[in-house]
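Structure first, commentary second.
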Amino acid sequence: MNNQENQTQTDSERKHNQTKRKLTIIGISVLTVGFIFTVIGFISFFSSFKSGKLPSLFWCCFIGLPMFAVGLGITSFAFKREIGRYLKNESVPVINEAGKEISPAVQDISSAIKEGISDDNEFCCPSCGKFNKKGSRFCKNCGKSFIKVCPFCGQEIDFDSSFCNYCGKKL
């Protein structure tokens, strides 16, 4: 089975290389013809200034410039893998360096968040966001009740519970 996978991969790579070769040839050919037409058109245009006549071959620019752009597009598409690999190899070291430089700041922020969350003496009011002491029955800022009663068993439970601690029913 592994041999078959290698054969398939080889066939796939072969097809890719054939397509790439065709695109490269077509792209460079269209690019070259477009360049030649563009040069002829511009030479005709600028030489008409000296002679005082209308440029007779300026129309070549209207064919040459689009052909040049299409040829450039096809050629760059043929080399997309190489361009992508180059961009990756240029970008990854910069990203890694930035990550190393920003890492201490991210660690400081995460430890500050952990300290704020792990404070066992306080909790945050879900209504106003102010901190209250554990065991408080009402928010000291907005007055919201922190007491919740289970509608099934009637026991007092934590206000942020999704299930009753006593009967196990979903609230």
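For the numbers below, each heavy atom of this structure counts, side chains included, while hydrogens, waters and symmetry mates do not.
- A salt bridge does not link Glu90 with Arg85: every distance from a Lys NZ or Arg NE/NH1/NH2 to an Asp or Glu carboxylate oxygen is 4.0 Å or more.
- Cys139 places a side-chain heavy atom less than 4.5 Å from the side chain of Cys128.
- Heavy-atom minimum distance, Cys61 versus Phe42: SG-N, 3.5 Å.
- The minimum heavy-atom distance linking Cys150 with Leu171 is given by the pair SG-CD2, 4.1 Å.
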>> Could you walk me through whether Arg137 and Phe146 satisfy the side-chain contact (heavy atoms from CB on, under 4.5 Å) test, starting with their C-alpha distance in whole Å, then the side-chain angles of each, then the deciding distance to 0.1 Å, before giving a yes or no?
In response: CA-CA 5 Å; Arg137 298 174 67 84; Phe146 297 135; 5.7 Å; no
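- Minimum heavy-atom separation, Phe138 to Asn132: O-OD1, 4.1 Å.
- With contacts defined as side-chain heavy-atom distances shorter than 4.5 Å, the pair His16/Arg81 qualifies.
- For the pairing with Arg21, the side chain to side chain contact (heavy atoms under 4.5 Å, CB included) check across Leu23, Ile25, Thr24 returns one residue only, Ile25.
- In this structure, Ile43 CD1 and Cys60 SG are separated by 10.5 Å, a value rounded to the nearest 0.5 Å.
- Counting heavy atoms of neighbouring residues, nucleotides and ligands inside a 6.0 Å radius, atom CZ of Phe152 exceeds 12 of them.
- Taking hydrophobic clusters as Ile, Leu, Val, Met, Phe, Trp and Tyr residues chained together by side-chain heavy-atom distances below 4.5 Å, Tyr86 shares a cluster with Ile83.
- Side-chain atoms of Ser127 never come within 3.5 Å of backbone atoms of Lys144 as a donor-acceptor pair (strictly under, hydrogens ignored).
- Taking OG of Ser56 as the start and CD1 of Ile40 as the end, the distance is 11.0 Å to the nearest 0.5 Å.
- Looking at Ser91, its side chain never comes within 3.5 Å of a backbone N or O of Lys88 through a donor-acceptor pair.
- At least one side-chain heavy atom of Cys153 sits less than 4.5 Å from a side-chain heavy atom of Cys164.
- Rounding to the nearest 0.5 angstrom, the gap separating the NZ atom in Lys130 from the NZ atom in Lys140 is 8.5 Å.
- Remark: Ser162 OG to Lys170 NZ distance equals 5.5 Å, nearest 0.5 Å.
- Shown here for Asn165 and Ser161, the closest heavy-atom pair between the two residues is OD1-OG, 4.3 Å.
- No chain of hydrophobic side-chain contacts below 4.5 Å, direct or via other Ile, Leu, Val, Met, Phe, Trp or Tyr residues, connects Tyr166 to Val149.
- Heavy-atom neighbours of Leu87 CG from other residues, nucleotides or ligands within 6.0 Å: above the threshold of 12.
- Here the straight-line distance linking atom OG1 of Thr38 with atom CD1 of Ile63 works out to 10.0 Å at 0.5 Å rounding.
- The minimum heavy-atom distance linking Ser44 with Leu57 is given by the pair OG-N, 2.9 Å.
- Remark: Phe35 CZ to Ile28 CD1 distance equals 14.0 Å, nearest 0.5 Å.
- Between Trp59 and Phe37, the closest side-chain pair of non-hydrogen atoms falls below 4.5 Å.
- When the side chains of ILVMFWY residues are joined at heavy-atom separations under 4.5 Å, either directly or via intervening members, Phe45 and Phe62 end up in a single hydrophobic cluster.
- Of the possible polar contacts, none joining the Thr75 side chain to the Leu72 backbone as a donor-acceptor pair under 3.5 Å is found.
- Under the 4.5 Å side-chain heavy-atom criterion for ILVMFWY residues, a single connected hydrophobic cluster contains both Phe77 and Val30.
- The closest side-chain heavy-atom distance from Met67 to Leu31 is not below 4.5 Å.
- The pair Glu13-Lys20 does not count as a salt bridge, with every side-chain nitrogen at least 4.0 angstrom from each carboxylate oxygen.
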